[in-house]
Amino acid sequence: MKILEGLKTETVSSRIDNPIALYSLVRSKYKDTSILESLGPVNEDTARYTIIGVIAAEKLVCRDGQTSYTDLTSNSTDDQAEFLSVMNHWVKLGGRRETPLQLGAIGYLGYEMKSLFERYDQRLTNDTGIPDAYLVRYSLMHVTDHYAGQAYWLLNDDEHRKAIAEFENAPCLIHAEQHFYVMGDITSDFSEDEYLEIIERTKEYIRAGDIFQANITMRFHCRYDGDPFILYLRMRETTPNPFFGYLDFDMPLLSTSPERFLKVSGRSISSYPIKGTSLCQIDGIDQKEELRNSEKNRAENTMITDLLRNDIGRVSEQGSVNVPILCGVKKFNNLYHLESIVEGTLRPNLKMSDILQATFPGGSITGAPKIRAVDIIEELELTQRGPYTGMIGFFGESGYIDSNIAIRSIYFNGSNLYFHAGGGIVVDSEARSEYEELNNKVRSISETCREFNILKDYRAQIDVIDGKLLQLLNERFHIVKQVGAVKEQYGIPVTQSKRIDEVLDKRTKYGQELGDVPPGLIPELFTLIIEFAMKEEETDSAASAN
Ligand SMILES: C=C(O[C@@H]1C=C(C(=O)O)C=C[C@H]1O)C(=O)O
């Protein structure tokens, strides 16, 4: 099948200054839309652009090693497409536009796409149904440059002018469907003990000399209902990070990643490996210097930085690779991470596939050396990673690429949502603190999901009522103690069968009149209360007898 040619891109300026509101409207009108956002303080490099994929023209979807390419304008599909040749066709490296002001594709390459580049062991199977890769090439996009305070439409089809006019004139409000709920508890595939055991096995491989480091991860899931975009809107508030995105594909994917994988602009290529994690505060004490000086975390990061130098070196001019920052401490919400920067100058005449071949999957989520680490991961982990630890990004037709490492990300298959977390394991890793670190990494996602638990409001009401019940019980037993004292003083026996029968009878009848109290509960509950009350009275008498 003929793949659509990259047509001349036209740039039209836009007055819209609230891209997330625009996106909420875009997704209500079109299929396969997407938004990439960089959240946090705006500067020249990060939090600069918001990129919205508005009208989809082509898509590329990979499942179990099979790639299908669809030309959405004619609705024709080729089920035997070659993933990398389509990507090479879509992205021409070395273009002169060094910003995302160019049409292009948005989407993800999941971790399983690794098998395009190397013969890795394959043991785990896809049990979620999420495609291994999903990329959409757009003929209408909207890009906001927050640093320059400007916004643009990019289009290659005059027909889209009507849509642009409609969006420009629409009220700038966030459109979101009614609800998003999470049902039941979040469960993980490993129990804590199993995870600790896996960490020990990883360390055995390290001691045996197979690897220096492996990034071992686990999956969490729970049931959901409704529109995941509502969760995305909330995550923007709870955990703003520089590599956010929402891909509104057949199975939506949202990312709150802090980590840049690859940026390509003109001939420069860079990667910002993150490795080394700590809560910002432990017992009220700031952990920045602790992390900066942690030998273990610095070693973890340095190994991966070295791996990235090697990977980027494979596509860079000789002598051009350098590391302007090694182990810088950066704050991402409640976490500090060590982040390095590796950059190089691309050799001329490279293709997109050369870059992926040299670097994918990212070293920070595999370990070192990469190939052996990936095989060990396949042996030790319990589930496929899906989009997690792959890359999510923008692939511009003139060669501007910006992408994240798809960590702190959630994918949705219609009934369940899934997210994963993990960390780099080295020889001196302590299994229990690795488990804690992993939980710190998912905390913002799991806590935000819990806010949407369908039972949350009811549970809160029950908590209040239970509080009142407990106070009343406390009052009741306070009086029971006084009764005990009186019985003791006047020699009245603690057990008063007639009174017990009376109380049980009256309470049971009153319970029935109330209507909602289950009939069997009251006699059982009050028998128990009276039993304990008599014990209290007896203890009281015994105490005063002593
Ligand atoms: C694997 C994850 O994170 C990776 C591991 C890190 C670490 O070990 O310190 C830090 C950032 C990521 O490269 C994750 O968040 O799930």
Side-chain angles (χ1 to χ4, degrees), residues 110-111 188-190 195 198-199 202 206 211-220 235 239 241-243 255-262 271-280 287 290-292 294-305 307-308 311 327-342 359-368 370 373-374 377 380-381 383 385-392 403-411 418-431 433-446:
Y111 180 74
S188 58
D189 55 6
F190 281 116
Y195 179 81
I198 292 300
I199 298 311
T202 310
I206 297 173
I211 45 170
F212 304 110
Q213 176 172 177
N215 195 88
I216 301 295
T217 74
M218 69 195 227
R219 187 174 80 180
F220 299 80
M235 294 285 331
T239 327
N241 265 333
F243 291 95
S255 184
T256 75
S257 174
E259 183 170 355
R260 174 176 266 147
F261 177 34
L262 290 179
S271 183
Y272 291 39
I274 289 182
K275 193 105 315 225
T277 305
S278 158
L279 282 175
C280 292
Q287 298 297 307
E290 189 76 21
L291 181 63
R292 193 196 305 285
S294 150
E295 262 179 51
K296 171 192 167 276
N297 282 292
R298 292 186 75 90
E300 263 183 51
N301 190 298
T302 309
M303 278 178 213
I304 299 305
T305 302
L307 191 157
L308 256 306
D311 285 359
C327 298
V329 183
K330 261 180 110 169
K331 184 173 186 302
F332 298 95
N333 302 297
N334 64 335
L335 296 178
Y336 284 128
H337 283 305
L338 294 181
E339 183 190 71
S340 299
I341 299 182
V342 181
T359 58
F360 191 88
S364 65
I365 46 69
T366 58
K370 194 190 272 185
V374 168
I377 287 167
L380 299 183
E381 291 186 358
T383 55
R385 292 180 172 189
Y388 170 71
T389 62
M391 70 196 282
I392 301 173
S403 62
N404 70 14
I405 293 275
I407 50 173
R408 327 278 154 89
S409 300
I410 315 175
Y411 50 100
Y418 300 88
F419 54 94
H420 307 231
I425 307 304
V426 288
V427 75
D428 48 355
S429 283
E430 210 253 298
S433 35
E434 293 298 338
Y435 186 71
E436 244 173 62
E437 180 179 312
L438 176 155
N439 280 300
N440 291 337
K441 285 175 181 157
V442 289
R443 183 155 303 138
S444 72
I445 290 185
S446 43

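As the structure lists them, so they are numbered: ligands from 1, and atoms in each ligand from 1. Owing to the predicted nature of the structure, the values given are computational and were not obtained by experimental measurement.
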Backbone N/O of Gly276 and side chain of Asn301: donor-acceptor pair under 3.5 Å: no

Ligand 1-proximal atoms of Ile407, by part, heavy-atom distance under 4.0 Å: side chain

Which of the ligand 1 atoms, numbered from 1, are nearer than 4.0 Å to a heavy atom of Glu437: 7 (C), 8 (O), 9 (O)

Passing option when Glu339 is tested against Arg260, Lys330, Lys275, Arg292 for salt bridge (charged side-chain N to carboxylate O under 4.0 Å, His left out): Lys330

Separation of Ile377 CD1 from Ile198 CD1 (nearest 0.5 Å): 12.0 Å

For atom 9 (O) of ligand 1, the protein heavy atom that lies nearest, with its residue and separation: Thr277 OG1, 2.5 Å

Ligand 1 atoms in contact with Ala421 (distance to a heavy atom under 4.0 Å): 16 (O)

Shortest non-hydrogen contact between Ile445 and Ser409, atoms and distance: CD1-N, 4.0 Å

Asn297 vs Thr277, side-chain contact (heavy atoms from CB on, under 4.5 Å): CA-CA, chis, key distance, verdict: CA-CA 7 Å; Asn297 282 292; Thr277 305; 5.6 Å; no

Closest approach of any protein heavy atom to atom 7 (C) of ligand 1, naming residue and atom: Lys441 NZ, 3.2 Å

Protein heavy atom at shortest distance from atom 2 (C) of ligand 1: Gly422 O, 3.4 Å

Residue, atom name and distance, where the atom is the protein heavy atom closest to atom 16 (O) of ligand 1: Tyr388 OH, 2.6 Å

Interatomic distance, Arg443 atom CZ to Thr239 atom OG1 [nearest 0.5 angstrom]: 12.0 Å

From Ile405 atom CD1 to Tyr272 atom OH, the distance as rounded to the nearest 0.5 Å: 14.0 Å

Heavy atom of Ile405, distance to ligand 1 below 4.0 Å: no

For Glu300, the ligand 1 atoms whose distance to one of its heavy atoms is below 4.0 Å: 8 (O)

Nearest neighbour of atom 13 (O) of ligand 1 from the list Gln213, Glu259, Met218, on a heavy-atom basis: Glu259

Atom 8 (O) of ligand 1 - nearest protein heavy atom and its distance: Gly424 N, 2.9 Å

Heavy atom of the protein closest to atom 3 (O) of ligand 1 (residue, atom name, distance): Arg408 NH2, 3.7 Å

Side-chain touch Thr302/Cys327, heavy atoms, less than 4.5 angstrom: yes

Identity and distance of the protein heavy atom lying nearest atom 5 (C) of ligand 1: Lys275 NZ, 3.1 Å

